[in-house]
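Shown next, in structure tokens, is the structure this report addresses.
Numbered from 1 within each chain, the chains take letters A, B, ... in sequence-line order.
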2 protein chains.
Amino acid sequence: MQILSERSKKILYAVIQSYINYPDPVGSRVVTKRYSFGLSPATVRNIMADLEEMGFLTQPHTSAGRVPTDLAYRFYVDSLVKQGDPNANIEVEIFQGLYKRLEMLKNDIELLLSEATRSLSLLSHYLGVAMSPTPDMTTLKKITLLKYSEDKVAVVLFTDEGFIKNKIVAIDPNISQKDLNRIATYLNSEFSGCSFHEIRMGLVQEMKREKTECDFLISRAMRICKEALCFPLNELFVSGLPEVLDLPDFTDLKTIRQLSKALEDKHNIIKILDKMSESEGVQVVIGSENERDEMKKLSLVASPCKENDRPIGVVGIIGPTRMNYAKAIYIVENTAKFISRLVTEK
Amino acid sequence: MQILSERSKKILYAVIQSYINYPDPVGSRVVTKRYSFGLSPATVRNIMADLEEMGFLTQPHTSAGRVPTDLAYRFYVDSLVKQGDPNANIEVEIFQGLYKRLEMLKNDIELLLSEATRSLSLLSHYLGVAMSPTPDMTTLKKITLLKYSEDKVAVVLFTDEGFIKNKIVAIDPNISQKDLNRIATYLNSEFSGCSFHEIRMGLVQEMKREKTECDFLISRAMRICKEALCFPLNELFVSGLPEVLDLPDFTDLKTIRQLSKALEDKHNIIKILDKMSESEGVQVVIGSENERDEMKKLSLVASPCKENDRPIGVVGIIGPTRMNYAKAIYIVENTAKFISRLVTEK
DNA sequence: TATTAGCACTTAGCAATTGAGAGTGCTAAC
DNA sequence: GTTAGCACTCTCAATTGCTAAGTGCTAATA
């Protein structure tokens, strides 16, 4: 499969390029016309037949041109990532205009990420997505407890990354604000600087110990802390649905329905982005590489953002498999870098 | 216009009912068949022609049946609200099943509202929406300041309604956490118990005074407070896009695009819901009564939720103008009441 | 031996035609 | 005031024929 002659490769790329720019199946004639190899349509035809046999192309019907498969896109993207993108000649002014807006929000990462999705979708004409980091990856800076009513307490978790998560937890009415302050002090001394993952682990241990030693206050502290952490508090932002519905890829009602189902299932998208954020740099998931059926006609380009080495979120683009990958990668890469730079510079 | 004979009214309602249940233009034959008045199609035809002249009905084309106008829906809805809904025979079990889920979230209003949108969309098969109250309507319980870095401070605002809003604000690096604590104490003594609106007003006054008296700390306090309040921190939740795309009203690509534009403009929806939340009970906005073009084919049914007399959010349904208003009103009313009850019972 | 020209074949997409079905408005009779 | 009857209008779906695009195969060519 990897034994593609240089010529076959060039023709494959030509087909992909053409299809990305113009959503019609690509015929042998078009290839010879638009990209001047010194070859006749007949020869190209033979090569394309070979490429089809190898699984890189398919034809929608007998007498249509051919269309790249997800395998072809993967091949193409991998080569792109290796050699960098040659034709990333996107207007720099547009970038700068949009980024200027983001710059004003640099203090508030959550807002920054949510606004970044707009820039991403405007730049790419696909869906812009962004996500705050998995709580398990973030580290606790401080915890604050405020008695809300008889039996409710607000737990506010400040992370070192700049995220603020809060949750309201039910408590024993006997606990006073003073008790809560002491509990908070205890929790801070115990857990600040720890990742949420570590805290979760620590809780399990403490709770075992607690059974024997049995300090009333500590027991309360643990219970509150556990409840506050029990939910995955990941935040996901998406925008650009109108943009994407203007694409010729989403004119079919069935496809649109699928798209809407994919977007409604935020949990799934979070899961995918989480996985992608574990690696360095821009990641690409193409169509059928996705597990869920609703995503099998969608591609995802995403990159983590970092403050120094600490993950502070993921930004990305969701679009049809017939995506301008070079452009998408370029946009995502730049946006991720820009955000990283924004939050890193003191 | 209000001088509709009892018979005309009945026929108008019959047309509306039929069209709501079955998305085809209603002809005179159908009316006589499905709803047994003692009348022949010809007579009904005459009456329907009159109703069309009065602006209650239109025909999509010469030889189709007739379709209610927004005016007709308004007429119908007004009569519904007056007399209560007669045929609200929705399975109570479904309600209870969904509501049981919500009950677990009663401590966290924000989460409660966001989950309520799922119930609303599952019950109605339209879009479920929910919104936290306008900050201006909420009252400050407490303000907390935490120094985040050299030049950033996290401002956490706890409202009496149970909402926690936070914002990160840039500050002079010279200000220490100790200073911040004093500032927070000052702000709490000054503003806790006040509505955000009052605080905003108070700030203006204080800042005038400050110019002459010039206490350094107070001046800082005011600036931080102002910046924290400068954004409208309204939260909007929407779900059910896949549900609504299964309706025959949204099979047309143009309509779907319009819908997606309407949803992308959250600001506008917030504005509409804000206005609706000012009145008591369930409100209905029908199609062309909306200002924005993207909303002119959508109807909105919404109701505020209250804890005793204090507004804690709005829940509602967005759907096509051809909406089952009786059912929608019933669902929204019950959900609003349920949530109100949940958060009110201590 | 690799490439190419030529040709028969397949298929989607478009436009025009047709007939059925549904619903209307109007008129005259009840 | 109500109704039956009828001519008229319009949509919708099916059918047909045609064109354009593209293919695979074979035989000729460099």
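Scanning atom types as modelled, no donor and acceptor separated by under 3.5 angstrom connect the side chain of A:R45 and the base of D:dG22.
Rounded to an integer number of Å, the gap from CG of A:D50 to P of D:dC25 is 12 Å. In this structure, B:N46 places its CG atom 14 Å from C1' of C:dG23, rounding to the nearest Å. Atoms OH (B:Y22) and C1' (C:dA22) sit 13 Å apart, rounded to a whole Å. Rounded to a whole Å, the CG atom of B:D24 is 17 Å from the C1' atom of C:dT24. Between the CD atom of B:Q59 and the C1' atom of C:dA22 there is a distance of 12 Å, given to the nearest Å. Remark: P of D:dA21 and NZ of A:K33 are 11 Å apart, rounded to the nearest angstrom. Distance, B:L57 CG to C:dG23 P: 14 Å, rounded to whole Å. Whole-Å rounding puts the A:L51 CG to D:dT23 C1' distance at 15 Å.
Note: A:Y13 and A:Y76 have perpendicular aromatic rings, judged against thresholds of 30 and 60 degrees for the angle between ring planes. Between B:Y325 and B:Y73, the two ring planes are tilted [angle within 30° to 60°].
Applying the 6.0 Å contact sphere to NZ of B:K296 captures more than 12 heavy atoms from other residues, nucleotides or ligands.
When the side-chain nitrogen and oxygen atoms of B:T43 are compared with OP1 and OP2 of D:dT2, none of them lie within a distance under 4.0 Å. For D:dG24, one of the phosphate oxygens OP1 or OP2 lies less than 4.0 angstrom from a side-chain nitrogen or oxygen of A:R66. Contact between the side-chain N/O atoms of B:R29 and the OP1/OP2 oxygens of C:dG21 is not found at any separation under 4.0 Å.
Residue B:H61 has its side chain nearest to D:dT11 when only C:dT24, C:dT3, D:dT11 are considered. Closest to the A:T62 side chain, of the nucleotides D:dC10, C:dT10, D:dT3, is C:dT10. Among the nucleotides C:dT24, C:dT3, C:dT11, the one closest to any side-chain atom of B:S28 is C:dT24.
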For residues 117-129 of chain A, tabulate all N or O donor-acceptor pairs below 3.5 Å that involve a side-chain atom, not counting sequence neighbours.
unit_1: A:T117; atom_1: OG1; unit_2: A:S114; atom_2: O; d: 2.6
unit_1: A:T117; atom_1: OG1; unit_2: A:S239; atom_2: OG; d: 3.0
unit_1: A:R118; atom_1: NH1; unit_2: B:E264; atom_2: OE2; d: 3.3
unit_1: A:S121; atom_1: OG; unit_2: A:R118; atom_2: O; d: 3.1
unit_1: A:S124; atom_1: OG; unit_2: A:L120; atom_2: O; d: 2.7
unit_1: A:S124; atom_1: OG; unit_2: A:Y126; atom_2: N; d: 3.0
unit_1: A:Y126; atom_1: OH; unit_2: A:N324; atom_2: N; d: 3.1

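Every residue two or more places apart in sequence or in another chain was checked for a side-chain hydrogen bond (donor to acceptor under 3.5 Å, both in side chains) with B:E243, and none qualifies.
Remark on DNA chain D: of its neighbouring residues A:A42 and B:L39, the 5'-side contact belongs to B:L39, judged by nearest-heavy-atom nucleotide. Of the residues near DNA chain C, B:E52 and B:S63, the one whose nearest nucleotide (by heavy atom distance) lies more toward the 5' end is B:S63.
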